[in-house]
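Here is the structure we will look at, set down as structure tokens.
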Amino acid sequence: MALLNILRYPDPRLHTVAKPVEAVDDRIRQLVDDMLQTMYDAEGVGLAATQVDVHERVIVMDTTEQRDHPIVLVNPELVEKSAEMKVSEEGCLSVPQVYDKVERHARVKVRAMGRDGEWFEMECEGLAAVCVQHEMDHLMGRVFVEYLSLLKRDRIKTKMLKKSREEQRA
């Protein structure tokens with residue numbers, strides 16, 4: 001397993017729409033393992049392949065407190081969304097130390113393939129529902145800050161660019 005580099009907003013590669021995975025093979029399983037290690041190392045609850053510059057429809061997540069229940073979603077699709085909406089504070093490994101409120105469906109049902117290549121369905125609510133929707137946005141080339149006002153987005157972009165320049169000088 002290897003730690004992967006997480007792209008940071010406003011990197012234009014974060015806006016790439018991911019392509020479907022043709023087959024869950026050894027390459028995809030290795031990607032999943034590397035993504036899980038990267039997510040756990042970065043103390044995140046979810047990670048989309050887009051965030052590590054692989055533009056295929058793969059998501060890993062673990063919203064448990066014990067951090068011992070990894071979920072793999074290959075070619076995920078939302079098959080049900082609740083009419084009820086909920087506002088939650090979100091953060092993102094691609095936008096470190098930035099948190100803001102985003103409105104999402106309170107419950108969703110997702111259909112995807114697992115690490116074994118078998119299709120399954122999963123109903124989610126709470127943090128898991130937020131995580132699925134957030135990570136699926138990444139696969140569509142969308143970052144959570146795009147739900148915020150233009151003023152907030154510009155401030156975040158400026159902050160992230162400044163931080164990148166400071167890290168490059170260090």
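Computed from a prediction, not measured in an experiment: that's the story for all the values here.
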Exercise for the section: State the NE2-NE2 distance between H15 and H138, to the nearest 0.5 angstrom. Expected result: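 Going from NE2 on H15 over to NE2 on H138, the span is 10.5 Å.
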Problem - Pairwise distance CD1(I59) to CD1(I71) - rounded to 0.5 angstrom - result: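 It is 11.0 Å, given to the nearest 0.5 Å.
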Exercise for the section: List the steps and the verdict of salt bridge (Lys or Arg N to Asp or Glu O under 4.0 Å) for E125 and R107. Expected result: CA-CA 5 Å; E125 61 184 338; R107 288 174 305 287; 5.0 Å; no
Practice task
Using the side chain to side chain donor-acceptor pair (under 3.5 Å) rule, take D34 and Q30 through it: C-alpha gap first, then chi angles, then the decisive distance, then the call.
Solution key: CA-CA 6 Å; D34 292 346; Q30 184 64 56; 2.9 Å; yes
Write down the atom of [X], the atom of [Y], and the distance for their closest heavy-atom approach.
X	Y	answer
D62	D68	OD2-N, 3.1 Å
S94	L7	OG-O, 2.8 Å
V60	M39	O-SD, 3.8 Å

Practice task
Walk me through it: do R104 and E90 pass the test salt bridge (Lys or Arg N to Asp or Glu O under 4.0 Å)?
Solution key: CA-CA 11 Å; R104 301 208 185 255; E90 291 186 28; 2.6 Å; yes
Consider only side-chain heavy atoms of I, L, V, M, F, W and Y, link residues closer than 4.5 Å, and tell whether [X] and [Y] are in one cluster.
X	Y	answer
W119	V24	yes
L139	L73	yes
M61	V110	yes

Handout entry: R67 atom CZ: more than 12 heavy-atom contacts under 6.0 Å
Key =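 Yes, enclosed.
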Exercise for the section: Evaluate whether atom CD of E22 has more than 12 neighbouring non-hydrogen atoms of other residues, nucleotides or ligands under 6.0 angstrom away. Expected result: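 No.
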Exercise for the section: Evaluate the criterion side chain to side chain donor-acceptor pair (under 3.5 Å) for residue pair K163 and Q97; output intermediate values, then yes/no. Expected result: CA-CA 11 Å; K163 190 173 187 173; Q97 282 118 30; 2.4 Å; yes
Exercise for the section: For salt bridge (Lys or Arg N to Asp or Glu O under 4.0 Å), just list the numbers for R29 and D26, CA-CA rounded to whole Å, side-chain angles, deciding distance to a tenth of an Å, and then say yes or no. Expected result: CA-CA 5 Å; R29 283 187 284 276; D26 287 343; 2.9 Å; yes
Exercise for the section: Any chance you could lay out the side chain to side chain donor-acceptor pair (under 3.5 Å) test for D100 and Y147, step after step, and finish with the verdict? Expected result: CA-CA 10 Å; D100 214 314; Y147 288 97; over 6 Å; no
